[in-house]
Amino acid sequence: MSSLHPLLSRSGARLLSTAAVVATSSWVGAASATLVDATNFTETVFATVAVGGYGPTTMVWAPDGTNRLFWTKQDGTIRIIKNGTPLPTPFATMSPIRPGGEEGLLGLAFDPNFVDNQFVYAFVTTSYNKGEILRYRATGDVGVERTVLITDLPQGGNHNGGGIAFGPDGKLYWGIGEASNLVSLTDTVTLASKIGRMNPDGTAPNDNPFFDGSGPNNDYIWARGFRNPYTMTFQPSTEKLWVNVVGSYAEQIFLVNKGDHAGYIRDTAATEGSQVPPYIQPALDYWAYEETRTIAAAGVVRSGGIVTVTVTSPLKNYKPGCRVRIAGVTNASFNTTAPHPPILDVSSPTQFTFAQAGPDATSGAGSTRVEAIGRTVLGGTFYDATSFPAAYRGNYFWGDFDSGRVMRATMGGPSANKFATIDPFSTTITQYIDAAVGPDGALYWTRYDGTFYRVAYKPTTQGIVLSNQHVRMSEGGRAIVTASLAMAPTGPVTVAVARTAGDADLSVSVGASLTFGPGDWNVPKPITFSAAADGDSLDDTATFTATATGVPSETVIVRATDNTNQGLVVSTTALTVDEGTSGTFTVALARAPSAPVTVVVARTDGDGDITVAGGASLVFTAANYATPQTVTVAAASDPDGTDDAATLTLSSAGIATRTVAVVAREPSTGDATPGDATTDGAVDTSVDGAVDETGDASVDSGEAGDPVAAPDPTSGCGCETAGSSGASSGLAFGVAMTALLAHAGRRRRSGAR
């Protein structure tokens, strides 16, 4: 997940210049956060870095056991804090880059096979209307082999998105906002206002929901309708994609699946915070204004663990996912205390529901209130380590730039993929940016001023601390989890790690026995899991248990994505030529074969005037499998006056077939120059047949929730000037991060690198 310093404040409408940000020091070095549970948790400064006018945008721990925290600086450098010490030399420096506003270096992600390939990916704004996703290979603490994987991503001054993350399917996902442009709800052409998905080499997977090869759709689109999907993360236990969307009226967190539509249309409150089917509703939603309503007589009814509340005046800022408080009800069992539940549904202008355990009952009187958590939702992380108590494991922690709160949401409620409770974990953390769980099981977060904090649990008993309880890698690859102890022991403690259930292809190759003593109990040590390649086409899963004498055991679930299925890489699924001419497409293999593979291309349906004139039989070996070979398609002229069509099938023993639809146009009806075969040129590397892992407050004049520059302590700062449609946003970010979406309309086809 990535964080773009969305310093969006709803108050104020002036965007500070970089010079003004540097000169404004009232927030620099401000007091650290106030933990809600300071009895059981402690916060310390982990590191402080000089940022000048540009601060951090995201932070990610390297998944290789090296105790390195990678963080991105808005002006274009990827930097490392190693063993708690900031390294003076950047890992990489972006050039070209356009920093400022909500532009610059925005996102960072590690390849799921980082232990073996050392690939690091970054999302960067290179010019006003252009973004790119780059890849580096880590050589020690320096990035080399800069490779542009995808370019011409829509960007603009505001709402550029920039969050990137790898999914369990080995694909890279990213978010782009509407870039201050109007994007149609039906749009499938531009990547603005979208979640994108690509293969690690920058090409478009052909199982993306709108993939049409040479057709009009943008093949990279995974989901639509997002104002500013600034940060994202995959939930370790469910492997679901969660996206934090900075809003103009509401801050929202969505669970996003393939083909989903969040329903946003620029500056339209009706489609932000009020989504109804077919648009997905946010799992969590909050507005900048608190709203209190009086509960009607007999206005609370609990049935089957669901409470329906009826109020005496219309609801305004009550939305699904909003945190709600109930107080003063005659039957006190309806009153809520921390942790507070979110609203499940708003069924009418005066009625909403939430989940609450208890017997069926009816009561009334009292009041209800939705609370203003903040104005700018930023980076979040699921806690997947074992240092925190069980009640905190799997919780979602995220922060709000404007309010200085870090929130904690528990999962469950009426659905496993819903938030059950939402409450502050800490407060007064000025200009929060991002959070991540460290190799020591602590929770880390950073502010835009370059201060990094560590939040640790105060244990009372000994325990085994694992950095992750869920790990995914590829078959044939490796993944690392670190282990340490919760407390200093009086003598040596040996932790043994072994597979206790699941597939035997998964094993512990390093760290099956680790010994800790009084001097190194808190130093994370690596456990390396290896996944042997096998001949099936299924993912492998196994449970590993870490044990020590007299200490509670802990488990890790390891998953390996199958990558043994061979597949055909075809440059297009549709080809158009004019009668009397020919056209071409290319074919390659997805993986190196163990023996020569012959691919046959033949017409299996349609008009006989369309023939395979070249490349009807292609032979691939381990030496040339990735080199595209050309298939030539000829279309004979005929006098019938109608277009011809045919289907070509590509087949090989043991490999899923692929098809290419060919249309031969009559010269009089075609609009292309004769002889100009229209092909997409986009290389589709996804493999068919392979398993795909898959109070009544009026809205003010500020468009809340945009990342921006550090706020003026008097008037704040805004990401858009007054007069733009909707409310003009007050932003609050360190270097004028003005807005998060991108120049709509720039269409990025697969293969452009």
- request: Take Y453 and T446 through the side-chain contact (heavy atoms from CB on, under 4.5 Å) test and state the conclusion after the steps.
  value: CA-CA 6 Å; Y453 297 92; T446 186; over 6 Å; no

- line: Residues at least two apart in sequence or cross-chain that pass side-chain hydrogen bond (donor to acceptor under 3.5 Å, both in side chains) with D260, listed by chain then number, are none

- request: With the side chain counted from C-beta on, respond yes when Y173 and L241 share a heavy-atom pair under 4.5 Å apart, and no when they do not.
  value: yes

message: Is it the case that the side chain of Q74 and the backbone of L106 share a donor-acceptor pair, with hydrogens and angles ignored and the cut-off at 3.5 Å?
response: no

Evaluation steps, ring pair (Phe, Tyr, Trp, His ring centres under 6.0 Å), between F41 and F425: CA-CA 10 Å; F41 292 88; F425 182 69; 5.3 Å; yes

Non-neighbouring partners of R408 that pass side-chain hydrogen bond (donor to acceptor under 3.5 Å, both in side chains), sequence neighbours left out: N395

- request: Using the ring pair (Phe, Tyr, Trp, His ring centres under 6.0 Å) rule, take W445 and F452 through it: C-alpha gap first, then chi angles, then the decisive distance, then the call.
  value: CA-CA 6 Å; W445 54 54; F452 293 79; over 10 Å; no

message: Applying side-chain hydrogen bond (donor to acceptor under 3.5 Å, both in side chains), can you list everything that pairs with Y383, at least two apart in sequence or on another chain?
response: none

message: Tell me if a side-chain donor or acceptor on S193 pairs with a main-chain N or O of F226 at a distance below 3.5 Å.
response: yes

field: Short side-chain to backbone donor-acceptor contact, T330 and G364, under 3.5 Å
entry: yes

field: Residue pairs passing the salt bridge (charged side-chain N to carboxylate O under 4.0 Å, His left out) test where at least one lies in residues 423-433, sequence neighbours excluded
entry: R323-D423

task: Tell me, please, which residues at least two apart from T186 pass side-chain hydrogen bond (donor to acceptor under 3.5 Å, both in side chains).
output: S184

query: Is it true that K171 and D169 have a side-chain N and a carboxylate O under 4.0 angstrom from each other?
result: no

- prompt: Could you go step by step and tell me if D285 and K319 meet the salt bridge (Lys or Arg N to Asp or Glu O under 4.0 Å) rule?
  reply: CA-CA 7 Å; D285 193 332; K319 307 294 178 183; over 6 Å; no

statement: Residue set satisfying salt bridge (charged side-chain N to carboxylate O under 4.0 Å, His left out) with D187, at least two apart, ordered chain then number -> K194

query: Would you say the side-chain atoms of T353 and D345 include a donor-acceptor pair closer than 3.5 Å?
result: no

field: NZ/NE/NH1/NH2 to OD/OE distance under 4.0 Å, E239 and R472
entry: yes

- request: Work out which heavy atom in A109 is nearest to a heavy atom in F166; give both atom names and the distance.
  value: CB-CD1, 4.2 Å

